[in-house]
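Reminder, nothing fancy here: chain letters follow the sequence lines and each chain counts from 1. Below, each value reflects all heavy atoms present in this structure, side chains not excepted, and no hydrogens, waters or symmetry copies.
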2 protein chains.
Amino acid sequence: MVAFLTRHKMIMLYGLSMAILLFLLKWLEYRFILISHSFEIYIGIIAVIFMTLGIWLALKLTKPKIKTVVVEKEIVIEKEVIVNTKDFTFNEKELEKLGISQRELEVLQLMAQGLSNNEIAEKLFVSTHTIKTHSSKLFEKLDVKRRTQAIEKAKRLNIIQ
Amino acid sequence: MVAFLTRHKMIMLYGLSMAILLFLLKWLEYRFILISHSFEIYIGIIAVIFMTLGIWLALKLTKPKIKTVVVEKEIVIEKEVIVNTKDFTFNEKELEKLGISQRELEVLQLMAQGLSNNEIAEKLFVSTHTIKTHSSKLFEKLDVKRRTQAIEKAKRLNIIQ
DNA sequence: ACTAAAATCATACTTTAGTATGACCAAAAA
DNA sequence: TTTTTGGTCATACTAAAGTATGATTTTAGT
């Protein structure tokens, strides 16, 4: 019922307006009989009323033009990019700072691979004594006591791997 | 042509109506002179004409109503996110596969930090013997001979760090 | 309740790692 | 030229690391 009223609101309003106008018309017609020579005024009033009604109707009934406004909405999509965290700028500065020589670095690298002093010696074609000397100096320079510590620290300082 | 007719249907209809109305007016005016008491019809005609004029005026003179429709356009912005290559799924499967116990893993981790057997023993409140037993079993399970190898292999298998 | 695995401790031993010290040589820097 | 630095080798020693073997105690699963 309410929906019906809402949907036909315009029609209802129009009907009501028509009723009021007809009433006014009748009243004016009566007045017209009493006052002569006011025919032009009566016509004028009718004209004004109906023109106003027309304007009102037109304004109410025209469909609005649809203007489409495009609003750009940013959507951030996180794209995972796999990047090596370890940069390959093998810290040569650190090597210099610590005064680690090329040969010592070699020994350090082989140590980190899990080789024993003997294996390193064989690989580098030198005696085990030499490797021991190197490693001792390395530990001094790295300020550590054991090879495992040396490996850990060297990796931490980006000297190896 | 059909599209044009459809679009200007209202205007065409209006023109047609006006033509018919003018004709009717002239005819009714003539009838009004001849036939008295047709005053109401004349008024009605006037009303219709002016209402139509009002509608026409309203349509012509008013600015078109604009209904703004906002359409959101999605713009995809790719944001690069740096991700670690090393995933943190600490290889529990590998641990199980190798049969490495929790305690052994602890020892392995402390080893990798460069601690000696004695230091590990102190840290875990056990004797050095225990640590030696653990490490021996670890080396067996990891199929290595030295702690440095164990550390290297464990890191490679993502068991530690 | 029983069993198996895990964790602990211990002794005895071997191997490797690491220290201290010194010597030799070659290349580069002062 | 002399000195420094890096690399080499050696002896002697100490300190760790690692092995072998065995035993006891927890802990968790059947």
Side-chain angles (χ1 to χ4, degrees), chain A residues 90-157 159-160, chain B residues 90-157 159-160:
Chain A
F90 272 139
N91 220 328
E92 289 179 34
K93 294 165 197 165
E94 203 68 44
L95 277 176
E96 264 190 63
K97 201 207 283 182
L98 296 173
I100 292 173
S101 72
Q102 196 55 43
R103 200 59 161 173
E104 285 164 353
L105 180 62
E106 270 184 278
V107 174
L108 183 55
Q109 284 168 333
L110 293 173
M111 260 184 192
Q113 286 168 30
L115 303 202
S116 69
N117 286 340
N118 253 314
E119 288 166 338
I120 297 172
E122 277 179 43
K123 208 156 202 170
L124 298 181
F125 304 107
V126 292
S127 79
T128 314
H129 302 294
T130 310
I131 302 306
K132 282 190 175 185
T133 322
H134 283 317
S135 55
S136 274
K137 285 184 178 176
L138 258 171
F139 300 157
E140 247 183 78
K141 289 173 180 175
L142 282 169
D143 191 30
V144 294
K145 286 193 174 283
R146 278 174 292 282
R147 50 172 58 219
T148 46
Q149 284 185 334
I151 293 164
E152 195 274 334
K153 190 161 189 177
K155 286 193 177 179
R156 196 149 38 80
L157 294 176
I159 290 174
I160 54 169
Chain B
F90 272 139
N91 219 326
E92 288 179 34
K93 294 165 198 166
E94 203 68 45
L95 278 176
E96 263 190 66
K97 201 207 283 181
L98 296 171
I100 292 172
S101 71
Q102 195 56 40
R103 200 60 162 173
E104 285 164 351
L105 179 62
E106 269 184 278
V107 173
L108 183 56
Q109 284 169 333
L110 294 172
M111 262 185 190
Q113 287 169 29
L115 302 202
S116 69
N117 288 338
N118 252 313
E119 289 167 338
I120 297 171
E122 276 179 43
K123 207 154 204 172
L124 298 182
F125 304 108
V126 292
S127 77
T128 313
H129 303 293
T130 310
I131 303 304
K132 283 189 175 186
T133 319
H134 282 317
S135 54
S136 274
K137 284 185 177 174
L138 256 173
F139 300 155
E140 245 182 80
K141 288 172 181 177
L142 282 169
D143 191 31
V144 295
K145 285 191 173 285
R146 277 173 293 281
R147 50 173 58 218
T148 47
Q149 284 184 335
I151 292 164
E152 195 274 336
K153 190 159 189 178
K155 285 192 176 179
R156 194 151 38 80
L157 294 177
I159 290 174
I160 55 170

Handout entry: side-chain N/O A/Arg103 vs D/dT8 OP1/OP2, d < 4.0 Å
Key = yes
Practice task
Evaluate salt bridge (Lys or Arg N to Asp or Glu O under 4.0 Å) for B/Lys145 paired with A/Glu119, printing each intermediate quantity in order.
Solution key: CA-CA 12 Å; B/Lys145 285 191 173 285; A/Glu119 288 166 338; over 6 Å; no
Practice task
Return the value, rounded to whole Å, for the distance between atom CG of A/Leu138 and atom P of C/dA17.
Solution key: 14 Å
Exercise for the section: Check the distance between C/dT15's P and A/Glu119's CD and give it to me in whole angstrom. Expected result: 15 Å
Practice task
Let me know the distance between CZ of B/Arg147 and P of C/dA17, rounded to the nearest Å.
Solution key: 11 Å
Handout entry: Side chains of B/Arg147 and A/Arg146 in contact at under 4.5 Å (non-hydrogen atoms)
Key = no
Handout entry: 5' priority, DNA chain C, between B/Arg146 and B/Val126 [closest heavy atom]
Key = B/Val126
Fill in the blank from the handout: Rounded to whole Å, CD of A/Glu140 lies from P of C/dT19 at a distance of 8 Å
Problem - Below 4.0 Å: OP1/OP2 of C/dT16 and any side-chain N or O of A/Asn117 - result: no
Exercise for the section: Please test B/Ser127 against B/Thr130 for side-chain hydrogen bond (donor to acceptor under 3.5 Å, both in side chains), starting from the C-alpha separation and ending with a verdict. Expected result: CA-CA 5 Å; B/Ser127 77; B/Thr130 310; 3.1 Å; yes
Exercise for the section: Mind checking A/Ser116 for me? I need base, sugar-phosphate or nothing, with any heavy atom below 4.0 Å counting as a touch. Expected result: sugar-phosphate
Practice task
Find the distance A/Leu105:CG to D/dG6:P and express it as a whole number of Å.
Solution key: 14 Å
Practice task
For B/Ser135, report the nucleic acid contact type (base, sugar-phosphate, nothing); a contact means any heavy atom under 4.0 Å.
Solution key: nothing
Problem - A/Thr130 vs D/dC9: side-chain N/O to OP1/OP2 distance below 4.0 Å - result: yes
Practice task
Using a heavy-atom cut-off of under 4.0 Å over every strand shown, decide if A/Thr128 touches base, sugar-phosphate, or nothing.
Solution key: nothing
Practice task
In whole angstrom, give the distance that lies between atom CG of A/Asn118 and atom P of D/dA17.
Solution key: 18 Å
Practice task
Using a cut-off of strictly less than 4.0 Å, decide whether B/Ser127 has a side-chain nitrogen or oxygen near OP1 or OP2 of C/dC9.
Solution key: yes
Fill in the blank from the handout: Rounded to whole Å, NE2 of A/His134 lies from C1' of D/dA10 at a distance of 14 Å
Problem - Sugar-phosphate, base or nothing in reach of B/Ser136, heavy atoms under 4.0 Å - result: base
Problem - Residues A/Asn118 and A/Thr128: side-chain donor-acceptor under 3.5 angstrom - result: yes
Fill in the blank from the handout: By nearest-heavy-atom nucleotide on DNA chain D, the more 5' of A/Gly99 and A/Thr148 is A/Gly99
Practice task
Could you pick out which residue, A/Thr133 or B/Lys132, lies toward the 5' side of DNA chain C when each is mapped onto its nearest nucleotide?
Solution key: B/Lys132
Handout entry: Euclidean distance, atom CE of residue A/Met111 to atom P of C/dT16 [Å, nearest integer]
Key = 15 Å
Practice task
Indicate yes or no for a side-chain donor-acceptor contact from B/Lys153 to the backbone of B/Leu142 under 3.5 Å, with no hydrogens or angles considered.
Solution key: yes
